[in-house]
Amino acid sequence: MSTTLLERQRSHTCNQLTKADLGKEVVLMGWVDSNRDHHGRIFIDLRDRYGITQLVFKPELDAALRDRAHQLGREYCVGIRGVVEDRAANGGSPNPRLPTGEVEISAVELALFNAAETPPFLVEDKIETSEEKRLAHRTVDLRRPRMQRNLIIRHKLMQAARRYLDGQGFLEMETPLLVKYTPGGARNFLVPSRLNPGKFYALAESPQLYKQMFMMAGLDRYFQIVKCFRDEDLRGDRQPEFTQIDIELSWATERVVQTLVEGLVADMFKEALGVTVERPFQRMSYDEAMSRFGSDKPDLRFAMEHTDLTDIVKKHQGGGIKLFADVVATPGNIIKAMVIEKKREMSRTEVDKLEDVAKGMGSKGVGRVRLDETGQWTQGPFGKAVTPEMRAEVNQACGAKAGDVILFQLGKASLVHTVLGGLRLHLRDKLGLVEHDEHGVSKQWKILWVTDFPLFEYDEIGKTHVAAHHPFTSPQAGHEDKLTSDPGSCRARAYDLVLNGNEVAGGSIRIHDGAVQSKVFTALGISEEDRQRKFGFLLEAMKYGCPPHGGIALGFDRWAMLFCGGTSLRDVIAYPKTQKGTCLLTDAPTAVSEAQLKDLFIASTAPQE
RNA sequence: GGAGCGGUAGUUAAGCUGGUUAUAACGCCGGCCUGUCACGCCGGAGGCCGCGGGUUCGAGUCCCGUCCGCUCCGCCA
């Protein structure tokens, strides 16, 4: 009995054969990318993850084999044995777009492993189909070269990270995913415990406390490429399960962590893009980022900085504009502006439409004026009301010139920043202020550390201070006294890494002193009883010699997304969830039987369908 | 929880102020074509216009509701 093609195994992949292989008998495996019948001569492009090789079935060589090849449709899975031949010598023309374009395989044996139905969409990069269809037929989608390239880049980044951290003496250590529920922060996914009726695990939203305890255990340098789970609403850059490169080290300072990460990031850039990044990275305080860009993750690839006009408007008591006067009369309110330059050629109608965009972000409206040749304000009600003195000062503060448009946003600081910062990004995309290559990869890389975050944020609803990063973040030196007296002014030893306007890493130096930890808990309004109940295990561990330590976590999927060129994590995660957290491929989540629930001592209160 | 955009052959879209039999391209099927490779030419099949209700003599089109996908705000220590 003859040897089957599968037993022979493939001799080459579909990107390998060239004129150097002429005359060789080869075995290839793959999928039918296309099938062309030219006067009885069948040409098939055979595709695997490596590339495409042309097969030719000659009727004069084997008419029966040709007839079988004629039947092969797109995505049929086949194996082939044949001889490498020169296309030109066969009377054909080479295809310069393929590495294998000078040769073709004259088939002598064909194994049909599996026929395929007509695929729901073509396996091509350029095909535009809805994300819904792609997710529902993910195996077909993942055959597209672009998706395979993305997953390969992802793999390379992961290996580069492991190599680098291993080289720096870090141990890759695993931590539990079924963990104790801890309140605060992101909503947890809960997992009922069958063996402990009425009790629940949480899926880890990060390995935070475990990695800190590794440090207390003397394990010194830890990393893990780890799945994390957060039951919050999704965005293009937020999935309910995502991957972090999680890092923690003892004897750490901000500089130590940041320098380490800069080395890691440099390797990742080199691996994915062949780009050399400049080190050390730029640093910017949280306050400066908010003030200049209205965001704690500013995109520095373009300007359009914001100008705070609050003091000017106060000085002029509204400058004749009642709206302005009213707003600054309330403490805490601010007025900020952003200029759209004349050369952007925004029509009045287009500028007016920005108000709808802003309203979608919670704004009540967007003040807007256009400067004429003399600096007068036109195209709006402000021009008639404003005093020339304030107008001149505003124009100068904003750096606005003739033909420019000034956008105003006023009210509570947080809303002003959300809206004006959001408009800045909206205009970035609308006006094409940043360039991308043909894959959608940014042509420019602006990376910076954002530092000096507040330690606490004030929760308007609960009327309490909550941890801005997490409750184990160390306050900055000299700020310990303010923990009780003025928590709002406390700064944290926390830092984020921002790449092209995306938060791609975040970390902090942790508290290693029980007394300081206690003060922070007090500032957070967590009772003695609560801190023992919720975090007792950590406080206990801290008692037996806790080294100074700190760390960081990199949002791995976001790095992959930016390096692959995209705006959605769904393109770099093989099997992602939709915005509603469902999986269109498997239909998860699904209802379960009453019996299953009973087994877990749970009853559903969801309305019956 | 809120705002916006979208849903019409397998796929991507067109379909105006409501009016015969809902178009096109790609794909699919058949035939032709001495060498294709975005092949070309000829022919063909293919539709609960997301779903439900309403207005109307008449709805893909207008109205209400609902489901699904995407973007944004809230949320994401």
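Letters A, B, ... mirror the listed sequences (proteins, then strands); counts begin at 1.
If you check distances only, the side chain of A/R87 does reach the base of B/rU36 with a donor-acceptor pair under 3.5 Å.
Of the charged side-chain nitrogens involved, at least one lies within less than 4.0 Å of a carboxylate oxygen, so that A/E75 and A/R47 count as a salt-bridged pair. A/R301 has a carboxylate O that lies under 4.0 Å from a charged side-chain N of A/D299, or vice versa, which qualifies the two as a salt bridge. A/R146 and A/E124 are not joined by a salt bridge, as no carboxylate oxygen comes within less than 4.0 angstrom of a charged side-chain nitrogen. Using a 4.0 Å cut-off between a side-chain N of Lys or Arg and a carboxylate O of Asp or Glu, A/R143 and A/D48 do not qualify as a salt bridge.
Only the C1' atoms considered, B/rG10 is 28 Å distant from B/rU20, to the nearest whole Å. Between the C1' atoms of B/rU21 and B/rG46, the separation comes to 16 Å (whole Å). Comparing the C1' positions of B/rG44 and B/rG6 gives an interatomic distance of 33 Å, to the nearest angstrom.
In this structure, A/K133 places its NZ atom 11 Å from C1' of B/rG6, rounding to the nearest Å. Rounded to whole Å, atom C1' of B/rC37 lies 15 Å from atom CD of A/E102. To the nearest angstrom, P of B/rC76 lies 15 Å from CG of A/D496. Put simply, CZ on A/R74 is 12 Å from C1' on B/rG10, counting in whole angstrom units. Remark: P of B/rC28 and CZ of A/F121 are 15 Å apart, rounded to the nearest angstrom. Residue A/D33 contributes atom CG, which lies 14 Å from atom C1' of B/rU36 at whole-angstrom precision. For A/K359 and B/rC5, the NZ to P distance is 14 Å, given to the nearest whole Å. With rounding to whole Å, A/R36 atom CZ is found 12 Å from B/rG27 atom P.
Both A/S130 and A/P94 lie close to RNA chain B; mapped to their nearest nucleotides by heavy-atom distance, the more 5′-ward contact belongs to A/S130. When each of A/P119 and A/G40 is assigned the nucleotide of RNA chain B bearing its nearest heavy atom, the one mapping closer to the 5' terminus is A/P119.
When the shell of 6.0 Å around NZ of A/K180 is examined, it contains more than 12 heavy atoms from other residues, nucleotides or ligands.
Base contact: A/D37 has a heavy atom under 4.0 Å from a base atom. A/E457 comes within contact range of no nucleotide atom at all, as no heavy-atom separation falls under 4.0 Å. Base engagement by A/N90 is indicated by at least one non-hydrogen atom pair under 4.0 Å involving a base atom.
Applying the Watson-Crick and G-U wobble criteria (two distances, each under 3.5 Å), B/rC41 pairs with B/rG31. With a cut-off of 3.5 Å on both pairing distances, the Watson-Crick or G-U wobble partner of B/rC5 is B/rG69. In this structure, B/rC16 makes no Watson-Crick or G-U wobble pair, since no nucleotide meets both defining distances under 3.5 angstrom. For B/rU55, there is no paired nucleotide, since no Watson-Crick or G-U wobble pair has both relevant distances below 3.5 Å. Pair assignment for B/rC49: none, as no Watson-Crick or G-U wobble contacts are both less than 3.5 Å.
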Could you please spell out the steps behind the side chain to side chain contact (heavy atoms under 4.5 Å, CB included) verdict for A/W31 and A/L46?
CA-CA 6 Å; A/W31 286 262; A/L46 187 70; 5.8 Å; no

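The aromatic rings of A/F535 and A/F521 sit parallel to each other, their planes meeting at less than 30°, with 60° as the upper class boundary.
Ranking B/rC76, B/rU34, B/rU36 by closeness to the A/H39 side chain, first place goes to B/rU34.
For the pair A/F43 and B/rU36, the ring geometry qualifies as stacking, because the centroid separation is below 5.5 Å while the planes lie within an angle under 30°.
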Using nucleotides 68-74 of chain B, report all nitrogen or oxygen pairs with the protein that are shorter than 3.5 Å.
from: B/rC68; atom 1: OP1; to: A/K580; atom 2: NZ; distance (Å): 2.8
from: B/rC68; atom 1: OP2; to: A/K580; atom 2: NZ; distance (Å): 3.2
from: B/rC68; atom 1: O2'; to: A/E132; atom 2: OE2; distance (Å): 2.7
from: B/rG69; atom 1: OP1; to: A/T578; atom 2: OG1; distance (Å): 3.0
from: B/rG69; atom 1: OP1; to: A/T582; atom 2: OG1; distance (Å): 3.1
from: B/rG69; atom 1: O4'; to: A/E132; atom 2: OE1; distance (Å): 3.3
from: B/rC70; atom 1: OP1; to: A/Q579; atom 2: N; distance (Å): 3.3
from: B/rC70; atom 1: OP2; to: A/Q579; atom 2: N; distance (Å): 2.7
from: B/rC70; atom 1: O3'; to: A/R570; atom 2: NH2; distance (Å): 3.0
from: B/rU71; atom 1: OP1; to: A/R570; atom 2: NH2; distance (Å): 3.0
from: B/rU71; atom 1: OP2; to: A/Q579; atom 2: NE2; distance (Å): 3.4
from: B/rC73; atom 1: OP2; to: A/R235; atom 2: NE; distance (Å): 3.2
from: B/rC73; atom 1: OP2; to: A/R235; atom 2: NH2; distance (Å): 3.3
from: B/rC73; atom 1: O2'; to: A/M361; atom 2: O; distance (Å): 3.4
from: B/rG74; atom 1: N7; to: A/R235; atom 2: NH2; distance (Å): 3.1
from: B/rG74; atom 1: O6; to: A/R235; atom 2: NH1; distance (Å): 2.8
from: B/rG74; atom 1: N1; to: A/D233; atom 2: OD2; distance (Å): 2.7
from: B/rG74; atom 1: N2; to: A/D233; atom 2: OD2; distance (Å): 3.3

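With 3.5 Å as the limit, one finds a donor-acceptor pair spanning the side chains of A/N15 and A/T13.
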